[in-house]
*Asks:* 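Structure incoming, see below.
Position 1 is the first residue of the sequence, and the numbers go up from there. Every value quoted in this text rests on a predicted model; they were computed, and no experiment measured them.
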Amino acid sequence: MENIAEVVWKGHWWQNRGIRNLNLCLGLIILASALNGYDSSVLNGLQILPQFQQSFNHPDGSTLGFMSAAQNFGGLLFLPFAPYVSDGIGRRKALSIGCFIIVGGVVLQTLAANVGQFIASRCIIGLGITLITNAAPVLTTELAYPTQRATITALYNTLWYFGSIISAWVCYATLRTLPDVIWQWRIPCLLQAVPALVIAVGVLLLPESPRWLVAKGRDAEAIAILAKYHANGRERDPLVYFTYGQIREALTIEREINKTTSYLTLFKTRGNRRRMRIVFALGFFSQWSGNGLISYYLDPVLQNVGVSEAPTRGLINGGIQIWCLFVAVSAALLVDKIGRRPLFLMSNAGMVVVFVIWTVTTALWTTEENRAAANASIAFMPIYFLAYSIAYTPMLVSYTVEILPYSIRARGFAMMNVFGIGITTNQFVNPIALKAIGWKLYIVYCAWLVFELVYIFLFLVETKGKTLEETAALFDGKEVVMNIENVGNEAAHQSRHRYRNFEKADDVELTLSRNESGRSAAYTVGSANEARVDSRDSRSPSSMKQHFQYGSNAA
């Protein structure tokens, strides 16, 4: 019996042509996260620019809240429909359309002459961001090489900081070089259109998700992609059989459990309810862990602790983004070594400690103007982001998409973002609360972070060491996981055995059987680059035959 460890590439990924080409493709896809990071952070940098403040009459309170949260208000309107686009026309096309929408919104934002126009343009950008953030991470995790899936999907969200770094330093550059020109704030806005246009066009040249292709009955294309990028063009490679067998088995099980799929499917089974309990919590925690206070309103927070000069605040903003990227990338590389659960627990515990210290130091500065306390508040900012970024930046997306089975992956991920509605309310409420109660807002976050730590300890499930199909099945019971493991392992074993003994044959038939459910799968392998899959269910729901054929003799 084969297993995944015996059929994957053992050398460095850059020494394998297929994996190397695949990772180049994935590099363009995960840039979508940087695009999101740029947009999410640009208003933080714009607030520091005097020309922006003058153009919009020094917005604060609810006005600033609306300007900052407009992107998410717009995205929220489209969020329920994004999975239908991604599942319907494919991940690539959905990502491309989303980027084109962003380009249009960015042009309008750059030309905005008043607060209303600025808010409207950001709502349009939010529509595009919603579409790309639903399609890009799903496409990433469904395309990635098995041994690199967790790391690359974790890296997807870390590139949010890459975008935020560019945003912060572009704003700083225009602050220093264009002191009295309205383009001081318009240039940072306009530059966002460049990567959006590159992704919109480039992604159409990349491979589609093999899982999506199999679900649409386009198995030949899926097998060709798996062979090209996972096995250097070898369609008879055991890894191709292993992966394809698990995809087919997982989709079959999902269809037996869920005859139809809708948003209600997310809550119909016990396994799905367990998944969504975690997904909802992570989506909400990711925006209500105090990061929204610092990430989106760094300027007033720094002013609260006595940092009055705009260039100094700009330097701090840029430095924090670089630090966050370094921490998040380092953590992403440790996901498979340390595991998901330990990283989340360390992250939440660290944030509790930092926020307690922050509360004390900010209170001392506010009430007694203690300069040492103010300096300590600034010093603990990178420590806070160290705690936050070791789990929530790399694993918020990767953990969510890996625990969701294919049929509900796009919808479940969209619902995670719905519970990220916390970002919308957070962005809107934080400036109002800061203005009204000042440092006392930190006490609220301290109490909430303790709750988050307890919740993660009780409910988060470790997924280390599983394939995508095995991980998604963890919540459905051990028998389902074993079925998927056995189909993949036996397919790889049979393909290796048959390939060795029938290397010159045009067609070779493989038969897999499982006593637990009576399912069998017959695989016919040939020498040509064509393939066909013919699936038919017997009268009994507990038995099924699957056939896929390659070669000139396929009928």
*Asks:* Using salt bridge (Lys or Arg N to Asp or Glu O under 4.0 Å) as the criterion, list what pairs up with D87, not counting sequence neighbours.
*Replies:* R91, R411
*Asks:* Evaluate the side-chain contact (heavy atoms from CB on, under 4.5 Å) criterion for residues F81 and T130: first the C-alpha distance (whole Å), next the side-chain angles of each, then the deciding distance (0.1 Å), finally the verdict.
*Replies:* CA-CA 10 Å; F81 307 104; T130 295; over 6 Å; no
*Asks:* Is the number of heavy atoms from other residues, nucleotides or ligands under 6.0 Å of R176 CZ greater than 12?
*Replies:*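 No, not enclosed.
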*Asks:* Once side chain to side chain donor-acceptor pair (under 3.5 Å) is applied, do any residues pair with N36, and if so which ones, sequence neighbours excluded?
*Replies:*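 Listed in chain order: S40.
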*Asks:* Tell me if the aromatic rings of W448 and Y455 count as close, with their centers under 6.0 Å from one another.
*Replies:* no
*Asks:* Which distance, rounded to the nearest 0.5 Å, do you find between the CG of L95 and the CG of L28?
*Replies:* 8.0 Å
*Asks:* R274: which residues meet the salt bridge (Lys or Arg N to Asp or Glu O under 4.0 Å) condition with it, sequence neighbours left out?
*Replies:* none
*Asks:* Tell me if a side-chain donor or acceptor on Y38 pairs with a main-chain N or O of P188 at a distance below 3.5 Å.
*Replies:* yes
*Asks:* Write out all pairs satisfying ring-ring contact (aromatic ring centres under 6.0 Å, His included) with one or both partners inside residues 85-125, taking only residues at least two apart or from two chains.
*Replies:*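 Matches after skipping sequence neighbours: F52-F118, F56-F118.
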*Asks:* Does the pair R211/E469 count as a salt bridge with the N-to-O cut at 4.0 Å?
*Replies:* yes
*Asks:* Between the side chains of K93 and E208, is the shortest nitrogen-to-carboxylate-oxygen separation below 4.0 Å, so that they form an ion pair?
*Replies:* no
*Asks:* Could you tell me which residues satisfy side chain to side chain donor-acceptor pair (under 3.5 Å) with Y388, sequence neighbours excluded, listed by chain and number?
*Replies:* N291
*Asks:* Check side chain to side chain donor-acceptor pair (under 3.5 Å) between S209 and all other residues, then give those that pass, not counting sequence neighbours.
*Replies:*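 Counting only residues at least two positions away or on another chain, S209 forms a side chain to side chain donor-acceptor pair (under 3.5 Å) with E142.
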*Asks:* Side chains of T153 and E402: is there a donor and an acceptor less than 3.5 Å apart?
*Replies:* no
*Asks:* Take atom NZ of K337 as the centre, draw a 6.0 Å sphere, and report whether it contains more than 12 heavy atoms from other residues, nucleotides or ligands.
*Replies:*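 Incorrect, the count does not exceed 12.
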*Asks:* At what distance, to the nearest 0.5 angstrom, does OH of Y229 lie from CG of L22?
*Replies:* 7.5 Å
